[in-house]
Amino acid sequence: MPVNQRQVNLDPKEMPTQWYNILPDLPEPLPPPKDPETGESRLKNLPNILLAECLKQEFSQDRWIDIPEELWDIYLQAGRPRPLFRAVNLEKKLGTPARLYYKSEFYSPTGSHKVNTALAQAFYAKKEGYERLATETGAGQWGTALSYGAALVGLKCTVYWVRAVYNWKQDRRNLMELFGAHVFASPSDKTEFGKTLFGRNANHPGSLGIAISEGMEDAAKDTKAIYCLGSVLNHVLMHQTIIGLETKKQFEKFDDYPDLVISCLGGGSNFGGFALPFVHDVLKEGKKIKFIAAQSEASPNLQGEYRYDFADYAEMTPMLKMYTLGHKVDMMPIKGDGLRYHGCSPIISLLRDKGYIDTIAYPQDEKHVFQRAKEFIRAEGFLPAPESAYSVACAIDQALKCKESGEKKVIAFNISGHGFLDIPGYREVLGLK
Ligand SMILES: Cc1ncc(COP(=O)(O)O)c(C=O)c1O
């Protein structure tokens with residue numbers, strides 16, 4: 001291998017054939033979802049809310065779960081495996097002794113890692129006889145990914161999109177529509193719950209928690225429709241582990257291994273997908289890795305309380321034990337709005353509680369984060385999604401710490417998406433003309 005090799009990819013035949021399920025490896029059993037003290041049982045309703053296969057996976061204690069062959073093939077169609085890059089130019093520009101590596105989920109056809117679970121959920125929904133998928137979206141990346149998954153397997157798709165983002169990402173909305181989806185700003189007047197907020201304020205900025213409630217209500221009213229969630233739940237993180245599993249194989253080819261694993265975190269699917277296969281090495285093989293989740297001060301959910309809370313605003317979901325800011329909290333919209341969620345996935349929350357995961361929250365004006373993304377763009381040539389800019393900022397900040405201390409750390413970060421449809425966000429924050 002040449003010195004300073006810049007990229008490693010896998011042969012398609014080397015793409016993982018199983019997802020990694022961390023549940024049996026956690027330091028203690030994951031606290032199960034529970035019902036609130038009063039009201040109808042949400043737990044009994046779970047089979048009506050989630051796909052049967054996903055519900056099975058949600059509680060499975062099998063460490064490895066097969067990726068169905070047909071789905072594995074669709075992953076190839078979506079451009080997997082994706083390369084791991086060594087950020088040679090960035091290292092030089094920063095003058096850091098650290099070695100920086102980034103995974104390229106931005107090569108996804110819809111723009112982000114969200115396709116890894118969107119394709120799985122669309123695939124299972126088709127098999128289970130549903131005709132339509134209903135969902136929420138924040139950044140719009142998950143809504144696009146599910147619209148794409150639905151189109152590929154031949155299903156309809158309805159997306160409730162947090163209004164604060166819907167308003168400035170018209171091109172992404174059109175992309176979802178090109179895939180055949182129906183897209184509504186949330187809160188909307190399409191659901192009973194949406195109307196209660198929309199009726200009071202037609203410009204309500206919305207939140208992921210609200211959009212989840214709308215997607216769930218929509219699907220509950222139509223026996224041919226099923227609700228799909230883009231983050232937080234165990235099975236979603238598990239589908240995303242294909243990212244970290246590929247990355248581990250690629251590190252072997254680089255003959256290197258990370259000291260630091262960094263990624264941005266909203267509900268936890270990106271961070272979990274990238275980091276959990278490495279957490280395995282820490283828990284089971286005695287490796288020493290520092291994990292850092294990059295967040296916004298607008299929604300630093302990992303700095304909230306570790307307790308049971310609802311995953312949605314209207315309290316339709318069971319309660320999950322997670323780090324939460326409270327399911328009805330107001331959070332200021334940001335350009336990396338995919339990070340603006342009140343709670344963090346139960347798996348990541350447990351690992352944080354046990355001290356395995358650190359977190360940093362960047363200021364809400366996002367200037368530091370977008371400035372760091374600009375440095376990355378100029379050195380490496382790829383345009384990160386606003387959410388992914390948080391991973392980039394954290395990786396660069398750590399690399400600069402290494403410059404001060406002289407440490408030759410190996411830093412791995414995931415660029416969860418591209419920002420081609422997010423330029424207005426860059427324009428506003430960086431003051432571009
Ligand atoms: C590109 C991108 N990265 C990261 C995230 C964060 O979400 P999660 O933590 O659920 O992966 C989002 C959410 O929309 C996103 O669009």
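Keep in mind it's a predicted model, so treat the numbers as computed, not measured. All ligand and atom numbering here is 1-based and tracks the order in the structure.
Using a 4.0 Å cut-off to heavy atoms of S416, the atoms of ligand 1 that qualify are 1 (C), 2 (C), 3 (N), 4 (C). With ligand atoms numbered from 1 in the order given, ligand 1 contributes 8 (P), 10 (O) to contacts under 4.0 Å with heavy atoms of S231. Each of the following atoms of ligand 1 lies closer than 4.0 Å to a heavy atom of L265: 9 (O). Annotation for ligand 1: atoms under 4.0 Å from non-hydrogen atoms of S269 are 8 (P), 9 (O), 10 (O), 11 (O). Contact atoms of ligand 1 toward A139: 14 (O), 16 (O) (distance under 4.0 Å to a heavy atom of the residue).
For F370 and Y426, the distance between ring centers is under 6.0 angstrom. Ring-centre distance between F291 and F278: not below the 6.0 Å cut-off. Taking the six-membered ring for Trp, F382 and F85 have ring centres closer than 6.0 Å. Taking the six-membered ring where the residue is Trp, the centroids of F184 and Y166 are separated by 6.0 Å or more. Between Y20 and W64, the ring center distance clears the sub-6.0 Å criterion. Taking the centre of each ring, H418 and F106 stay at or above the 6.0 Å mark.
Ligand 1 is never approached by Q240 to a heavy-atom distance shorter than 4.0 Å. In this structure, G268 counts as a contact residue of ligand 1, since one of its heavy atoms falls inside 4.0 Å of the ligand. Distances shorter than 4.0 angstrom do not occur between any heavy atom of E105 and any atom of ligand 1.
Distance from atom 14 (O) of ligand 1 to its nearest protein heavy atom, with residue and atom name: G338 CA, 3.4 Å. Looking from atom 15 (C) of ligand 1 to the surrounding protein, the closest heavy atom is E387 CG, 3.8 Å. Here the protein heavy atom with the shortest distance to atom 16 (O) of ligand 1 is Q141 CG, 3.1 Å. Annotation: atom 7 (O) of ligand 1 to nearest protein heavy atom, K114 NZ, 3.6 Å.
Backbone and side-chain nitrogen or oxygen atoms of A385 are examined, and none is located within less than 3.5 angstrom of a nitrogen or oxygen of ligand 1. Considering backbone and side-chain atoms together, G267 places an N or O closer than 3.5 Å to an N or O of ligand 1.
Defined by atom type and a distance below 3.5 Å, a donor-acceptor pair is missing between the side-chain atoms of D35 and Y308.
With Y101 as the aromatic partner, R86 meets the cation-pi criteria of under 6.0 angstrom to the ring centre and within 45 degrees of the ring axis.
Side chain of S349 to backbone of S345: a donor-acceptor contact under 3.5 angstrom is found.
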